[in-house]
Novice: 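One structure coming up, written as structure tokens, with questions to follow.
Residue numbers start from 1 in every chain, and the chains themselves are labelled A, B, ... in the order their sequence lines are given, proteins ahead of strands.
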Amino acid sequence: MAKFLTNREENYAQWYNDLVIKADLAENSAVRGCMVIKPYGFAIWEKIQAELDRMFKATGHVNAYFPLFIPKSFFSKEAKHVEGFAKECAIVTHYRLKKDENGKGVIVDPTSKLEEELIIRPTSETIIWNSYKNWIHSYRDLPILINQWGNVVRWEMRTRLFIRTAEFLWQEGHTAHATREEAIEETVRMINIYAEFAENFMALPVIKGYKSENERFAGAIDTYAIEAIMQDGKALQAGTSHFLGQNFAKAFDVQFTDKTGKLDYVWATSWGLSTRTIGALIMAHSDNHGLVLPPRLAPIQVVIIPIFKNSVQLEQISEVALKIRKKLEAKSITVKFDDRDNNTPGWKFADYELKGVPVRIAIGPRDIQNGTVEIARRDTLKKETVTVDTAISQISHILDEIQGNIFRKALEFKKENTLYVDKWEDFVNILDNQGGFIMAHWDGSPETEEKIKEETKATIRCIPFDSPEEDGKCIYSGKPSKRRVLFARSY
RNA sequence: CGGGGUGUAGCGCAGCCCGGUUAGCGCAUCUGGUUUGGGACCAGAGGGUCGCAGGUUCGAAUCCUGCCACCCCGACCA
């Protein structure tokens with residue numbers, strides 16, 4: 001089966017790539033490192049957007065939009081921030097083209113050089129805080145709870161569809177608060193929203209935690225992240241929320257008068273989640289038949305495929321199919337009736353499996369005779385013949401079951417592949433042979449983390465919020481440690 | 001930026017070493033027919049500046065030189 005896909009166990013990276021292309025989610029573009037998100041892939045992103053947007057608004061956030069271009073000078077205002085992003089910026093230096101006088105084509109008009117170069121945003125803290133300076137004068141102006149949906153560019157050396165592209169789509173929240181406590185509360189709130197979204201919609205169990213100093217966002221006091229495990233045992237960061245302290249307020253001189261009349265700098269957070277989550281979705285659930293999409297994010301939840309020999313049969317089948325579609329749509333289920341006659345039913349079965357459609361209904365002459373349909377589930381690949389009425393009444397339930405089942409499977413996988421390790425040689429062996437999450441003690445020093453990374457390519461994914469206090473010795477240095485942290489190789 | 005590789009039809013490739021009919025195959029596309037309960041079959045058709053530029057030669061996809069692009073592996077990263 002699925003002879004068109006590379007086998008997942010043989011070559012995981014190739015399997016992933018094949019899947020993205022063959023399921024028609026995205027393709028490489030003419031621009032190195034940038035992808036074209038095709039309609040089916042974009043439909044998943046739209047579902048992600050709709051849900052997150054709802055969650056943001058339910059917690060008091062509003063949307064706004066800031067420019068794509070950032071004056072170069074803005075970047076030098078926050079020292080750590082520049083350092084973090086300087087190596088991967090696209091820079092606009094000119095604003096005009098002209099005809100090449102020597103031949104065909106166009107050249108950059110040298111007389112159009114910009115006085116100050118513009119950076120294509122790798123993230124928007126600087127341009128946003130430059131605006132916030134003008135918006136905030138008093139505690140009454142706070143908090144500001146703004147989210148932006150947009151694109152950013154990070155000039156990555158090596159790219160992979162969805163997982164790491166030079167341009168990607170995301171949302172970035174940027175909030176401003178009167179107190180440290182309130183900002184921290186916001187940072188926590190948002191990482192919780194991401195975790196909730198990952199688990200309830202993406203069916204992706206995650207570990208919430210703090211980033212170590214080495215892995216922290218450039219310019220943040222503290223970074224919280226959700227980390228998920230992929231089927232090859234590597235970790236993938238699915239969302240981050242940063243407590244920025246007063247760093248950006250100081251860099252952009254954003255002060256406000258508090259209730260007592262004192263001037264103080266504003267406290268900030270930022271948080272983001274990108275199209276990378278689509279990569280996580282693919283890598284976490286899919287199999288050798290193709291995508292397995294969680295019903296809550298699937299662009300098509302139910303596909304109806306007619307099996308017919310002639311137009312009379314198709315007519316009879318269509319009547320039943322359209323009735324089912326109408327009833328399901330009334331329950332807010334997305335249904336596609338694929339009555340194209342240029343592909344055989346077998347081809348369509350395989351194709352919708354490849355595309356991860358959770359439920360397939362097949363209707364043939366035999367079913368018309370018996371008043372039945374065949375229901376197939378993408379998660380278990382099991383088929384069942386039921387009456388039309390049963391199908392109509394059961395589909396919602398089946399979709400919920402699939403959603404839950406995919407989550408449980410991923411949760412089980414995460415449990416099986418999270419190992420508590422105390423010996424260095426075990427640590428190395430596990431990483432080399434099976435991968436996975438490793439909970440181990442760490443002495444808390446960036447130097448030790450760096451050495452572990454050099455020797456094993458594993459990094460601290462996070463210091464889990466719920467990691468209990470426990471006396472132990474650092475896996476590498478043997479120095480005392482109070483809690484275990486999460487190590488893994490990552491994407 | 002280091003190391004490896006590839007550019008030939010929309011996609012995937014063969015041909016290149018050893019230059020020589022009209023550049024070929026599979027998939028896809030189009031037409032006609034038979035099919036349709038797990039990626040159908042037959043017959044026919046269309047589609048190419050062989051990555052670009054120069055050179056060698058009677059003759060270049062093939063040999064030489066330069067350039068460009070992309071892919072894979074490392075360092076960097078959501």
Novice: Heavy atoms under 4.0 Å, any strand shown: does S274(A) hit a base, just sugar-phosphate, or nothing?
Specialist: base
Novice: Base, sugar-phosphate, or nothing: which does D367(A) touch, judged by heavy atoms less than 4.0 Å apart?
Specialist: base
Novice: Assign K22(A) to base, sugar-phosphate, or nothing according to its heavy-atom contacts below 4.0 angstrom with the strands shown.
Specialist: nothing
Novice: Tell me the partner of U56(B), counting only Watson-Crick (N1-N3 plus N6-O4 or O6-N4) or G-U wobble (N1-O2 and O6-N3) with both under 3.5 Å; none if nothing fits.
Specialist: none
Novice: Strictly by Watson-Crick or wobble contacts shorter than 3.5 Å, is anything paired with U6(B), and which nucleotide is it?
Specialist: A69(B)
Novice: Any strand counts, and the cut-off is 3.5 Å on both contacts for Watson-Crick or G-U wobble. Which nucleotide pairs with U31(B)?
Specialist: A43(B)
Novice: By the 4.0 Å heavy-atom rule, please label Q237(A) as base, sugar-phosphate, or nothing.
Specialist: sugar-phosphate
Novice: What is the nucleic acid contact for D341(A), judged by heavy atoms within less than 4.0 Å: base, sugar-phosphate only, or nothing?
Specialist: nothing
Novice: Between U31(B) and U6(B), how far apart are the C1' atoms? Round to whole Å, please.
Specialist: 37 Å
Novice: Base, sugar-phosphate, or nothing: which does R160(A) touch, judged by heavy atoms less than 4.0 Å apart?
Specialist: nothing
Novice: CG of D338(A) versus C1' of G37(B): gap in Å, rounded?
Specialist: 16 Å
Novice: Among F56(A), W170(A), Y224(A), F243(A), which one satisfies ring-ring contact (aromatic ring centres under 6.0 Å, His included) with W271(A)?
Specialist: F56(A)
Novice: Under 4.0 Å, counting only non-hydrogen atoms across every strand here, what does F168(A) touch: a base, just sugar-phosphate, or nothing?
Specialist: base
